[in-house]
Structure formats: structure tokens, C-alpha cells
Amino acid sequence: MANLRIKGNWNEIKGKLKQKYANLTDDDLRYADGKEDELLGKLQKKTGKTRDEISSEINKMSS
């Protein structure tokens with residue numbers, strides 16, 4: 001699995017994810033350093049996508 005590139009612009013990425021997936025809550029999108037796997041697991045459950053798909057999507061949003 002690719003590393004997530006979310007530091008620095010997480011608020012912007014979080015907004016884009018909430019627009020794309022209306023069922024995501026602030027709790028679902030709570031990010032803490034070192035807790036990337038936990039975040040991906042929550043997003044995987046809510047979206048039905050694989051961890052790799054979610055990682056790729058987040059990394060594209062951060063570019």
C-alpha cells in the first residue's frame with residue numbers, strides 16, 4: 001500500500017472526501033499522525049472501496 005500524502009493539506013482533502021462521499025462524518029475523517037491504517041479502515045467500511053483505492057484517491061487529491 002502506498003504511503004498517504006496528507007500532512008499539511010488534510011483539511012482540504014477532508015472537504016473533498018465529504019463532497020464525494022456524503023455519508024462520511026467528521027469522526028470518520030479524524031486523522032492523527034501514525035494512525036493512517038485506522039483512517040483507511042474507517043473509510044474502507046464507509047465507502048466499500050479497497051484500501052489501495054482509497055489511498056490512491058487521497059494521494060491524487062493531495063497533489
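Quick note: residue numbers are just sequence positions, from 1.
Salt bridge absent: Lys42 and Asp27 never bring a charged side-chain N and a carboxylate O closer than 4.0 Å. Between Lys46 and Asp28 there is a salt bridge, with a side-chain nitrogen of the basic residue lying less than 4.0 Å from a carboxylate oxygen of the acidic one.
To the nearest 0.5 Å, atoms OG1 (Thr47) and CG (Leu24) are separated by 7.0 Å. Between the CG atom of Leu39 and the OH atom of Tyr31 there is a distance of 8.0 Å, given to the nearest 0.5 Å.
Not a single donor-acceptor pair under 3.5 Å links the side chain of Trp10 to the backbone N or O of Ala32. Side chain of Arg51 to backbone of Asp37: a donor-acceptor contact under 3.5 angstrom is found. In this structure, the side chain of Glu12 does not engage the main chain of Asn9 through any donor-acceptor pair within 3.5 Å. Side chain of Ser62 to backbone of Asn59: a donor-acceptor contact under 3.5 angstrom is found.
Side-chain N/O atoms of Ser55 and Asp52 include no donor and acceptor closer than 3.5 Å.
Crowding of Lys16 atom NZ: a count of heavy atoms from other residues, nucleotides or ligands under 6.0 Å exceeding 12.
A pairwise comparison of heavy atoms in Leu43 and Ile58 identifies CD1-CD1, 4.0 Å as the closest pair.
Shown here are the salt bridge (charged side-chain N to carboxylate O under 4.0 Å, His left out) partners of Lys20, two or more places apart in sequence or in another chain: Glu57.
Residues Ile54 and Thr50 fail the side-chain proximity criterion, which asks for heavy atoms closer than 4.5 Å.
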